[in-house]
Amino acid sequence: MAKIKTTWFCQNCGAQHARWQGQCTTCKEWNTLVEEVVQKEKKPSWDAASGDTLSRKRTPQPQLISEIDVTETPRLDTTNAEFNRVLGGGLVPGSVTLLGGEPGIGKSTLLLQVCLNLPYKTLYVSGEESAQQIKMRADRIKQNATNCYILTETKTQNIFRQITEMEPEVLIIDSIQTLQTEIIESTAGSVSQIRECTSELIKFAKETNTPVLLIGHITKDGNIAGPKILEHMVDSVLQFEGDRNHTYRILRALKNRFGSTHEIGIYEMLGHGLREVINPSEILISQRGNSLSGTAIAATMEGMRPLMIEVQALVSTAVYGTPQRSATGYNLKRLNMILAVLEKRAGFKLGQKDVFLNITGGITVDDPAIDLAVVAAILSSNFDIELSSQHCYSAEVGLGGEIRPVSRMEQRVNEAAKLGFEKVFIAPAKQKFKEVGTDVQAFSKIEDLVKYLFS
Ligand code: TYD
Ligand code: MG
């Protein structure tokens with residue numbers, strides 16, 4: 001019997017400690033140490049499972065930077081335009097990509113769909129669902145794949161044995177938390193298991209030049225479950241997000257060693273899988289034409305893409321002593337700030353009103369350019385005067401009630417013009433937007449905009 005050793009791992013940062021203590025000395029988090037059983041004597045991992053052929057090590061030699069071959073390795077086209085875009089142009093051979101997201105958001109669906117469409121020999125390893133369940137999902141997605149193999153297995157050693165036999169060109173793991181390696185005896189999903197399984201897979205990817213896609217669970221505060229170290233180990237981290245009750249999903253790169261992290265992919269979850277949304281702005285604006293009080297359209301940016309988003313506000317007399325403030329898809333603190341600015345700088349008494357704010361489509365917006373549309377929607381609901389559905393707004397609002405410019409104004413204005421908006425309200429800018437085909441109106445103070453819109 002090999003001697004069993006236990007160590008304490010911080011669940012937050014992955015730091016190893018010799019004994020239990022209340023606070024992790026590395027990341028200063030409290031109550032995060034968990035005991036893990038680590039067997040001292042290491043059983044072989046990927047090397048032995050695959051025979052000696054692949055593990056013969058090349059020792060890297062120092063190279064002159066000017067002599068390094070830069071002929072770029074061709075990327076594998078995933079035939080999914082949005083997925084390619086987020087990856088930075090396709091899958092890089094030998095890269096390890098981690099896809100995180102809340103349960104039920106569609107991670108398995110996305111990767112299965114990508115996998116079914118791939119023109120390469122693909123192995124989809126699932127530790128979560130049975131082969132029948134996956135087949136049923138594949139039938140819903142309705143793609144007749146000829147290159148896709150399914151394996152339901154959680155032991156990495158067995159997975160590598162299958163891999164050596166079938167030699168897939170792309171490997172997908174659903175999910176990293178269900179994998180288990182024989183080297184470590186702790187349960188699947190523990191920090192040490194996740195770390196060890198990931199490093200085995202990374203080793204496999206680098207040595208065979210096979211791209212590996214991992215699905216990872218996220219915890220309730222939105223981090224990928226397991227140590228933060230997991231995100232450092234892989235080449236790219238993608239996040240699949242959206243509101244489960246809505247159909248839109250956004251794929252975002254949080255880290256990408258082979259491309260920009262500014263790109264996003266937009267999908268719509270339909271009965272037959274995920275549809276790529278090529279022109280998102282047109283869909284997110286629900287009913288152009290019949291204007292309603294309390295609705296304003298914002299020209300925002302999601303990553304590098306302009307996105308027109310509808311903001312809805314409802315202002316009504318408070319029934320309780322403390323008025324309610326609620327925001328969906330928008331930061332509540334920021335809403336409170338905007339209400340305070342309206343009260344202090346523009347003299348609107350909203351202190352006794354309930355204010356509800358909603359971003360349609362279940363999308364969460366961080367872009368400060370949405371502020372002006374929030375202001376317009378709130379005031380429109382407050383006065384019960386509808387705003388023209390041909391107008392849109394794009395500017396940040398400051399604490400002094402000033403309207404501030406935002407980045408990439410030209411792109412936003414162009415998008416508005418493309419979608420046929422007649423007027424865009426912005427902050428005073430040095431740029432000229434003469435030829436864009438839409439009227440651009442700049443205001444420097446909230447009061448001036450209010451006067452213009454509601455009098
Ligand atoms: P799933 O990929 O299982 O989520 P995850 O792997 O992130 O946990 O997606 C599950 C949800 O997607 C489920 O609630 C049903 C929905 N869905 C559709 O709406 N249409 C489809 O074609 C498929 C396959 C799933
Ligand atoms: Mg799943």
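One-based numbering, in listed order, for ligands and for the atoms of each. All figures in this text were calculated on a predicted structure; none of them were measured in a lab. Computation of the quantities below employed the complete heavy-atom set of this structure, encompassing side-chain atoms and omitting hydrogens, waters and symmetry-equivalent molecules.
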Novice: Are the charged groups of Glu82 and Arg85 less than 4.0 angstrom apart, N to O?
Specialist: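 Salt bridge between Glu82 and Arg85, a charged N being under 4.0 Å from a carboxylate O: yes.
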Novice: Do the ring planes of Phe160 and Phe204 sit parallel (below 30°), tilted (30 to 60°) or perpendicular (above 60°)?
Specialist: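 If you compare the ring of Phe160 with that of Phe204, the planes turn out tilted.
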Novice: Does the side chain of Tyr267 reach to within under 4.5 Å of the side chain of Thr109, using non-hydrogen atoms?
Specialist: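 Tyr267 does not reach Thr109 side chain to side chain.
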Novice: Counting neighbours of CD on Glu153 that are heavy atoms of other residues, nucleotides or ligands and sit closer than 6.0 Å, is the number greater than 12?
Specialist: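 Result for CD/Glu153: enclosed.
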Novice: Please collect all side chain to side chain donor-acceptor pair (under 3.5 Å) contacts where either partner lies in residues 362-382, sequence neighbours excluded, each pair once.
Specialist: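 Matches after skipping sequence neighbours: Tyr330-Asp371, Arg334-Asp371, Lys353-Asn382, Asp367-Arg412.
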Novice: Taking the Mg ion (ligand 2) as the centre, count the protein N/O/S atoms lying under 2.8 Å from it.
Specialist: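 Protein heteroatoms (N, O, S) closer than 2.8 Å to the Mg ion (ligand 2) number 1.
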Novice: Have Thr181 and Glu200 got a donor and an acceptor in their side chains that come within less than 3.5 Å?
Specialist: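 Yes, because at least one side-chain N or O of Thr181 sits under 3.5 Å from a partner of the opposite role on Glu200.
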Novice: Any chance you could measure Leu91, atom CG, to Asn84, atom CG, to the nearest 0.5 Å?
Specialist: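 So the CG of Leu91 and the CG of Asn84 are separated by 7.5 Å.
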Novice: Decide if atom NZ of Lys135 counts as having more than 12 heavy atoms of other residues, nucleotides or ligands within a radius under 6.0 Å.
Specialist: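 Not buried by this count: 12 neighbours or fewer within 6.0 Å.
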Novice: Which protein residues have a heavy atom under 4.0 Å from ligand 1?
Specialist: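 Glu102, Pro103, Gly104, Ile105, Gly106, Lys107, Ser108, Thr109, Arg137, Arg140, Met269, Leu270, Gly271, His272, Gly273.
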Novice: Sequence neighbours left out, what pairs pass side chain to side chain donor-acceptor pair (under 3.5 Å) with at least one residue falling in residues 250-262?
Specialist: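 Qualifying pairs, neighbours excluded: Asp235-Arg257, Ser236-Asn256, Glu241-Arg252, Arg252-Glu302.
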